[in-house]
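Presented below is the structure to which this report refers.
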Amino acid sequence: MNDSRSLSGMPSPISRRAFTLGGGLSLAALLAGCGGTSGGAKGSDASSDSGDVSVMITCYPTQYLAEKVGGKHVSIINPVKPGIDPHGLELSVQQVAQMADADLVVQIEHYQTAVDDAIKAHKPKKLLNLNEFVDILPASGDEHEHEHGDEHVHEHEDEHDHEHEASDGGGEHAHEHDHDGHAHEHDHEHGGHEHHHDHGGIDPHFWQDPHRMIKAAKALADTLSEIDADHAEDYAKNYESLQKELTKLDEELHEKYDSVTREKAFITSHTAFAYLAKTYDLHQIGIAGIDPENEPSTERLLELADLVKKEKLTTVFFETSATPAVAEALASRTGAKAEELDNLETQLDAKKDYAQVMRENADKLVASWQ
């Protein structure tokens, strides 16, 4: 096994092109001019440096799973600085070397293009692609709009057709489908402009659903047990403990959201909450699409301003890792307030873990419907 190692924010980022030309340069060639890796460096977002199994993750949800399931037996490598949006991660030569050398790389495919490219160019020792174990939604929610039961008949559906088209999976409840077979069929372009973060036609933000996190945790526990059979019993126990914790979290969230009797619509800057909306019968309305760098049109902002007034929404949410400017402008125009909603892509406060942030997000959303 490898000694503990963690690295973050290294220089010499590698462009995506470097990975794709002729299959990419060999790792040895890439490292030749850089003096190799700095294995002993401490990463600013490292979570553990005491375990024997080195696990590379590239966002907070997978860090949380590795901490909970791996416990003291894993050393976590996270190249993303705390508080930085991981979508646009660019890996340095040293970080690519760490990826190739790690005992396990945990991937959410189509979430971070640089990570996907590095994995294709330099096959890890062991790869866990969580998309293969979790039901993944398509990037567009158009196919899954408001298939509620009789108790949720909307008297003004026609009035909201244009808003629903912008909803990223919001509104459907208790209709689980296996999207793996067609998750890549939804390549889409908005207005012909380029996507900075191509999610491959899928929505990778599955961590907004605790039950999907349970499935991901089980896959991680099984994989760690294969790599480190001596501690398989510990991984199994850690998984069982996390399963109970996340099941309790899901029950608490259902209780919070079910306490609201009105339609639970919310506006957010980036449509990263489709899984939350699907699981808890909410209606997500995005200012921009699933790509956080997309800019909304003037027409779109006018539509949303009208919607805020019609739905009597009190709050326009923006994500903490994104600029609040557009959300604040929309809120100012409509008399609503702008408030942060944590998408959990990065850990903003080391004292608050996944479960606590999910509860705090629920409290903010419920308060906005009062």
Side-chain angles (χ1 to χ4, degrees), residues 44-45 47 57-68 78 80-89 108 111-112 137 168-170 197 199 203-213 216 242 245-246 248-250 252-254 256-257 260 264-280 282-293 313-328 330-331 336-369:
S44 59
D45 205 17
S47 304
I57 52 84
T58 57
C59 62
Y60 175 63
T62 49
Q63 174 185 317
Y64 172 80
L65 293 176
E67 289 172 347
K68 289 289 189 174
N78 188 350
V80 183
K81 291 182 178 180
I84 301 300
D85 181 1
H87 280 90
L89 173 67
I108 302 175
Y111 175 50
Q112 296 156 305
L137 296 175
D168 189 0
H197 306 300
H199 288 314
D203 184 341
H205 308 92
F206 69 81
W207 54 85
Q208 295 293 338
D209 174 10
H211 277 290
R212 283 177 167 86
M213 285 288 277
L242 180 57
E245 181 180 340
L246 293 178
K248 180 182 178 182
L249 171 64
D250 175 63
E252 291 180 21
L253 294 179
H254 269 294
K256 288 176 184 288
Y257 290 120
V260 179
K264 290 162 279 191
F266 66 102
I267 293 179
T268 185
S269 53
H270 163 215
T271 52
F273 300 92
Y275 293 89
L276 184 77
K278 176 181 175 67
T279 303
Y280 301 106
L282 317 180
H283 178 196
Q284 173 185 230
I285 304 164
I287 295 175
I290 197 168
D291 183 343
E293 290 190 7
L313 300 178
T314 64
T315 309
V316 176
F317 291 99
F318 62 90
E319 292 159 85
T320 317
S321 59
T323 175
V326 175
E328 288 177 343
L330 178 60
K337 67 177 180 178
E339 188 167 6
E340 294 177 321
L341 200 63
D342 193 338
N343 59 26
L344 281 162
E345 295 185 16
T346 184
Q347 188 175 26
L348 298 167
D349 185 343
K351 297 179 181 179
K352 297 179 180 180
D353 69 0
Y354 167 83
Q356 184 171 349
V357 173
M358 289 289 283
R359 291 184 178 98
E360 290 183 356
N361 280 349
D363 290 339
K364 290 180 180 180
L365 286 167
V366 170
S368 77
W369 298 314

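Residues: numbered from 1 along the sequence shown.
Nearest approach of Y257 to A362, heavy atoms of both residues: OH-CA, 3.2 Å. The heavy-atom pair separating S368 from T314 by the smallest distance is O-OG1, 2.8 Å. The two residues Q347 and D353 make their nearest non-hydrogen contact at NE2-CA, 4.3 Å. Nearest heavy-atom pair, P210 versus L249, reported as atom, atom and distance to 0.1 Å: CG-CD2, 4.0 Å. Annotation for P86 and C59: closest pair CG-CB, 4.3 Å, computed over non-hydrogen atoms. The heavy-atom pair separating I287 from A327 by the smallest distance is CD1-CA, 4.0 Å.
Relative ring orientation between F206 and Y275 is described as perpendicular, the plane-to-plane angle rising above 60° on a 0-90° scale split at 30° and 60°. Between Y64 and Y60, the angle of the ring planes lies from 30° to 60°, which puts this pair in the tilted group.
Between the OG1 atom in T346 and the CG atom in N78 there is a gap of 7.5 Å [rounded to 0.5 Å]. Taking CD1 from I285 and CG from L313, the interatomic distance works out to 6.5 Å, rounded to the nearest 0.5 Å. Atom CD of E345 sits about 11.0 Å away from atom OG1 of T62, to the nearest 0.5 Å. Within the model, atoms NE2 of H205 and CG of L344 stand 11.0 Å from one another, a figure rounded to the nearest 0.5 Å. Between atom CG of residue D349 and atom CD of residue Q356 there is a gap of 7.5 Å, rounded to the nearest 0.5 Å. Separation of atoms CH2 (W369) and CG (L282) is listed at 4.5 Å; rounding is to 0.5 Å.
A heavy-atom distance below 4.5 Å is found between the side chains of T279 and D250. For the pair T271/D203, no side-chain contact is recorded, criterion being any heavy-atom separation below 4.5 Å from C-beta on. Contact annotation: the side chain of L348 never approaches that of E340 to less than 4.5 Å [non-hydrogen atoms, C-beta and beyond]. In this structure, L276 and L365 have side chains that are in contact, with non-hydrogen atoms separated by less than 4.5 Å. Counting heavy atoms from C-beta on, the side chains of L253 and M358 come closer than 4.5 Å. Using a 4.5 Å cut-off on side-chain heavy atoms (C-beta onward), E319 and S269 make contact. Residues L137 and K278 meet the side-chain proximity criterion, which asks for heavy atoms closer than 4.5 Å.
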Checking L246 against Y354 for the side chain to side chain contact (heavy atoms under 4.5 Å, CB included) test, could you report, in this order, the C-alpha distance in whole Å, the side-chain angles of both residues, the deciding distance, and whether it holds?
CA-CA 10 Å; L246 293 178; Y354 167 83; 3.7 Å; yes
Derivation and outcome, side chain to side chain contact (heavy atoms under 4.5 Å, CB included), residues Y280 and Q208
CA-CA 10 Å; Y280 301 106; Q208 295 293 338; over 6 Å; no
Would F317 and N361 count as a side chain to side chain contact (heavy atoms under 4.5 Å, CB included) if you check the C-alpha gap in whole Å, the side-chain angles of each, and the deciding distance to 0.1 Å?
CA-CA 10 Å; F317 291 99; N361 280 349; over 6 Å; no
Which is it for F266 and Q284 under the side chain to side chain contact (heavy atoms under 4.5 Å, CB included) test, yes or no, and what are the steps along the way?
CA-CA 5 Å; F266 66 102; Q284 173 185 230; 3.7 Å; yes
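Although no hydrogens or angles enter the test, the distance criterion places no donor-acceptor pair under 3.5 Å between the side chain of K364 and the main chain of E339.
There is a side-chain donor-acceptor pair under 3.5 Å between T58 and Q112.
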